[in-house]
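Taking it in order: structure first as structure tokens, then the write-up.
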Amino acid sequence: MEISKLTQALALGLLLSSNALAEGDDLNRNFSVNGFIAGTSFHSPNNVSHPDVEVGIGAAYQVNDYLGIHGSVGVRDGVSSIDTLFVDLESKVPDTAFSINTQIGKNRSYIGLSNYARFYPAARQFIIPPQGIYWSSMDSIVGSSTGIRTTIKHESGVAFGIAKTSVDIHESKPINESTFIPGKISSADMTVYGLTYSSRSIYAGAQHIVYEFSNGMQGMFKDPHLTMNLHFIKIHDCVDEVAIEHMDSSSSLNKLDGNQKKQEAYSVSYSRVLRENVKLNLNYNRTTYNHEKELAAMPNKNTTVEKIVGVQFANVGIKNFTVKLEKHFVDGTSWLTSDLNPNG
């Protein structure tokens with residue numbers, strides 16, 4: 001893999017969103033609709049531009065205190081898809097401080113601090129998330145998946161969750177061809193175990209995530225899998241927010257059979273509300289790759305450092321119109337998708 005130094009990158013996001021296109025009426029206050037329109041333009045010194053437009057609309061119907069039905073449709077890069085369609089069951093355990101939430105169907109995956117909120121542009125802290133933790137090249141396996149998710153919650157804020165889901169990769173954004181053999185991995189089964197704590201000012205947790213892949217050509221991969229361990233904490237108030245994340249992973253997804261690839265990443269983010277509707281976002285993240293087998297075509301160790309400086313302006317001119325600006329400094333082996341950085 002070629003070592004590249006991407007010293008400048010500029011991302012501009014124009015976001016128009018609404019969390020309440022329709023809040024129902026006097027006849028039915030249990031029905032709600034929400035939607036968003038977002039545009040992003042990415043340009044790097046490699047003379048690669050990456051304009052992107054997203055449109056999404058979702059609806060939810062709360063049948064009663066225990067049962068809800070949710071669904072949403074999105075259009076990205078001209079391709080439409082059902083992003084979510086699930087039944088939400090919430091029940092209180094009698095005479096205890098516990099409750100149980102179960103979601104059955106297709107929903108966004110819960111991955112670290114980004115989790116399902118990453119689906120909505122307005123909720124993203126960064127236009128392009130820190131690539132040491134959240135890989136744009138693997139959107140197809142960290143996006144929506146179908147299955148069952150169960151979370152046991154305690155009134156103290158502690159929650160334990162487990163999810164068993166699957167994703168059809170052919171229906172998702174193609175995986176980075178520099179890492180995978182295109183079209184050979186057809187689906188992935190995902191298991192997630194998570195323990196979290198939340199309060200008014202702290203959100204912290206850990207996740208163990210296992211992806212098991214199927215492919216159409218036996219012998220091309222040796223036990224194709226990806227295992228991730230995530231640890232994260234976010235401390236925030238009305239003005240400041242600090243987030244610290246750690247991730248380690250191992251996989252056998254590369255083109256050469258048996259090549260075990262290990263990765264460890266740290267990410268530190270800070271954001272501050274400078275004034276009404278103006279917010280500053282800063283990030284530093286560092287990733288180290290280590291291959292168990294030293295291959296002639298690949299360096300034995302690769303370290304990449306990414307720094308992000310961003311600012312966002314909310315309610316620009318009209319309500320719910322947000323402009324986000326980011327500059328990324330990446331030094332080391334590229335981890336962006338090949339269309340964003342073809343020299344990586």
I need the single residue from Arg286, Gln131, His328 that forms a side-chain hydrogen bond (donor to acceptor under 3.5 Å, both in side chains) with Glu306. Which is it? His328

So do Val305 and Lys307 actually touch side chain to side chain, heavy atoms under 4.5 Å? yes

Distance from Met228 atom CE to Gln263 atom CD, nearest 0.5 Å? 8.0 Å

One pair to check against side-chain contact (heavy atoms from CB on, under 4.5 Å): Tyr211 and Thr227. What are the steps and the verdict? CA-CA 6 Å; Tyr211 296 93; Thr227 301; over 6 Å; no

Relative to each other, are the rings of Tyr266 and His246 parallel, tilted or perpendicular (30° and 60° limits)? tilted

About how many Å separate CD1 of Ile127 and NZ of Lys324, when rounded to the nearest 0.5 Å? 6.5 Å

Would you name the heavy atoms of Ser145 and Val167 that are closest together and state the gap between them? CB-CB, 4.3 Å

Audit row: Lys153, Glu90, side-chain contact (heavy atoms from CB on, under 4.5 Å) steps and yes/no: CA-CA 10 Å; Lys153 307 174 185 177; Glu90 184 82 26; 4.0 Å; yes

Using a 4.5 Å cut-off on heavy atoms from C-beta on, say whether the side chain of Asn277 contacts that of Arg275. no

Under 4.0 Å between a side-chain nitrogen and a carboxylate oxygen: does that hold for Glu54 and Arg124? yes

Taking C-beta and beyond as the side chain, do Ile111 and Tyr134 meet within less than 4.5 Å on heavy atoms? yes

Worked check of side-chain contact (heavy atoms from CB on, under 4.5 Å) between Asp83 and Arg108: CA-CA 7 Å; Asp83 290 316; Arg108 303 297 293 182; 4.0 Å; yes

Nearest heavy atoms of Thr84 and Ser72, plus distance in Å: OG1-OG, 2.5 Å

Any ion pair linking Lys279 and Glu241 (charged N to carboxylate O, less than 4.0 Å)? no

Quick one: are Gln207 and Phe232 in side-chain contact, heavy atoms under 4.5 Å? yes

Between Met247 and Gly132, what is the shortest heavy-atom contact and its length? CE-O, 3.4 Å

Measuring from atom NZ of Lys106 to atom CZ of Phe86, what distance do you get when rounded to the nearest 0.5 angstrom? 12.5 Å

Nearest heavy-atom contact between Leu67 and Leu89 is CD1-CD2, 3.3 Å

Option from Thr191, Leu195, Asn229, Val192 for which side-chain contact (heavy atoms from CB on, under 4.5 Å) with His208 holds: Asn229

Measuring from Tyr197:OH to Ile233:CD1, what's the distance to the nearest 0.5 Å? 10.5 Å

Polar contact flag, side-chain donor to acceptor under 3.5 angstrom, Ser166-Thr146: no

Do Thr96 side-chain atoms and Phe98 backbone N/O form a donor-acceptor pair below 3.5 Å? yes

Are there over 12 heavy-atom neighbours, none belonging to Ile82, within less than 6.0 Å of that residue's CD1? no

So which heavy atom on Phe126 is nearest to which on Ser269, and how close? CE1-OG, 3.8 Å

Close side-chain approach of Tyr270 to Asp240, heavy-atom, < 4.5 Å: yes

Tell me if a side-chain donor or acceptor on Arg149 pairs with a main-chain N or O of Asn107 at a distance below 3.5 Å. yes

Identify whether Ile235 and Ile244 are in the same connected component of the hydrophobic contact network (ILVMFWY, side-chain heavy atoms under 4.5 Å). yes

With a cut-off of 6.0 Å (strictly less than), are more than 12 heavy atoms of other residues, nucleotides or ligands near OH of Tyr66? no

Residue pair Asn283 / Asn281, side-chain donor-acceptor N/O under 3.5 Å: no

Could you grab the distance from atom CD1 of Ile162 to atom OH of Tyr193, nearest 0.5 Å is fine? 4.0 Å

Kindly say whether Lys262 contributes a backbone atom to a donor-acceptor pair with the side chain of Ser250 at under 3.5 angstrom? no

If you group Ile, Leu, Val, Met, Phe, Trp and Tyr by side-chain heavy-atom gaps below 4.5 Å, do Ile148 and Ile152 land in one group? no

Examine the side chains of Asp331 and Thr304 and answer whether a donor and an acceptor come within less than 3.5 Å of each other. no

Non-hydrogen side-chain atoms of Asn30 and Val63 separated by less than 4.5 Å: no

Would you compute the distance between atom OG1 of Thr196 and atom CD1 of Ile202 and round it to the nearest 0.5 angstrom? 13.0 Å

Test side-chain contact (heavy atoms from CB on, under 4.5 Å) on Asp88 and Asn101 and set out the steps. CA-CA 7 Å; Asp88 186 274; Asn101 175 263; 3.2 Å; yes

